[in-house]
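Worksheet: one structure, shown below.
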Amino acid sequence: MEGSALTSLELDSQATTVDAVVIGAGPGGIATSVALKRAGVKSFLILERESKIGGVWRDNTYPGAACDVPSFLYSFSFEMNTQWSKVFAPQAEIRDYLERCVEKYGLRRHILCDTEVVRLGFDETTSRWIVTTATGKVIKTSVVLTAVGQLNRPAVPKLSGIETFSGPHFHSARWDHHVELEGKSVAVIGAGASAIQVVPHVAKIAARLTVFQRSPPWVMPKPDRAYSDSEKWRFKWLPLLARASRAKLYWSYERGHDKVIAGTKLNKAMEVTARAIIAKIKDPALRKTVTPDYPLGCKRILLSNEWYPALAQDNVKVTAEGIERVTPTAIVTKDGGKHPVDAIIYCTGFKSTEFLLPMEIVGRDNKRLHDIWKDGAEAYRGSSVPGFPNLFMIYGPNTTVPSSAIFMIECQVNYVIKFVKRILRDELVFEVKREPMRRFNEMIQHRAQRYAWMSSCNNWFKSASGKLVNNWPSPTLKFFLLTRVLDAQNYQITRQSE
Ligand code: NAP
């Protein structure tokens, strides 16, 4: 296949060979594919499990969904959008932006939607990856670039008795827009980043809303506002102004990095601010319920001006009692309380630590990636793992940051694309060596100890064993610098067998 994309029909009829396969058409897959095109790679496919592109910005359609990182920073450096409606753009605007990127950079013809990859197997005789889809299609390729995200598989708690519940129940990332919540009794389970956006909206329309909170979040004011027409005009016609706005945001996030390091001045000052906001809540019982008992920064620090006012509404109740069981019409808490509900919304997060699952990934010597990762995922520079040559991850382990994921994605893309060019030009196989991988991950776990993430709270950044698997424990500038060069010395380089 040279220069043209495949149709599903062609793919059905043969075992196809392409130069590169990108898995996922979210922000990571889009950035990767734009880089492939710019590198002159023509023969590549983007395999997308769902019927549309956009990743989390396709999935999270719940009312109130918006980015919690300013849009000038949470967007591609190669595709500045000067027309964001607000500092923190709503979900539909970000999804549309991603759609526009797909069109503008000619990616559509490379994308195969409704194509779930179930297996990646490295064929040692040909040095090619064999990609198998859920419908049994087979694609052979020199390079695999996974861009499946970290927050794509909803974690739904198995509540006792839920099968008897007579009303609708769904996860925030699978919002059922057919369900009318107006005038109903609604339960929201969870009090994390999605809940704080969902709750103020549901509180406006539901007759009664009960928030089942396991642990309260630390919440800071959200400095959001609409951009005026004249600002948008200036951003459009003076592009340097938009760039400057992005740069300013970047450096302010870098300077603010200390907020997630335990015990720093900034970390303490933010906790004081967050406590002062809680202190303004009139109801002492609510005040107590929403005050966290763990250090600020251990979970993601959330931004909202609407969360506490919504919780204080007369039709809203927060319960910190654990859920015991569900009946056909109610949720029963461990204190015996019975909370009648018509609908249940799970804002309970994602299976974030299960990187790349449920794909089966089999590398050299028939080793399975998930066996190697049984104590928690790790990768060299978030990208590669010994035994899995010419397989690169975008937004892989230890690349989440408390600022822009898009920035980290672009750093990683810049890094791996250098390998891709060499692989395809010189028919090479790059496999990261064990020693640099060990040193890199030792550095990660060592640095992690300074961070509030490692203190005593549940968060989605650590594996069950307590290893930091999602977050990058340094300023993003360090990752940017690390991913500038192709460090060939840290890789075993061989020729492809064919
Ligand atoms: P989350 O922040 O991990 O919150 C999940 C919530 O559900 C937590 O309050 C958790 O309690 C609770 N929970 C989980 N299992 C439970 C159970 N069995 N019973 C009761 N409560 C339970 O998940 P999320 O809100 O989906 O957000 C995940 C990440 O997505 C965020 O950190 C952020 O990076 C991203 N996100 C971004 C945006 C944005 O940019 N606008 C919006 C939403 C999400 P515990 O805290 O006690 O575990």
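Each ligand, and each atom within it, is numbered from 1 in the order the structure gives.
- Identified under the disulfide bond (SG atoms under 2.5 Å apart) test for residues 308-339, with sequence neighbours left out: none.
- By the ring pair (Phe, Tyr, Trp, His ring centres under 6.0 Å) test, Y308 pairs with no residue at all, sequence neighbours left out.
- The side chain to side chain contact (heavy atoms under 4.5 Å, CB included) check on D283 picks up A285, L286, with sequence neighbours excluded.
- The shortest side-chain heavy-atom distance between M393 and V385 falls under the 4.5 Å cut-off.
- Contact residues of ligand 1 (protein heavy atom closer than 4.0 angstrom to a ligand atom; sorted by chain and number): Y62, A66, C67, D68, L151, P157, I189, G190, A191, G192, A193, S194, Q197, R214, S215, K299, R300, C347, T348, G349, F350, N458, W460.
- Classification of E442 and R447 as a salt-bridged pair fails, no side-chain N sitting under 4.0 Å from a carboxylate O.
- Residue Y250 is tested with F407, Y74, F72 for a ring-ring contact (aromatic ring centres under 6.0 Å, His included); the sole match is F407.
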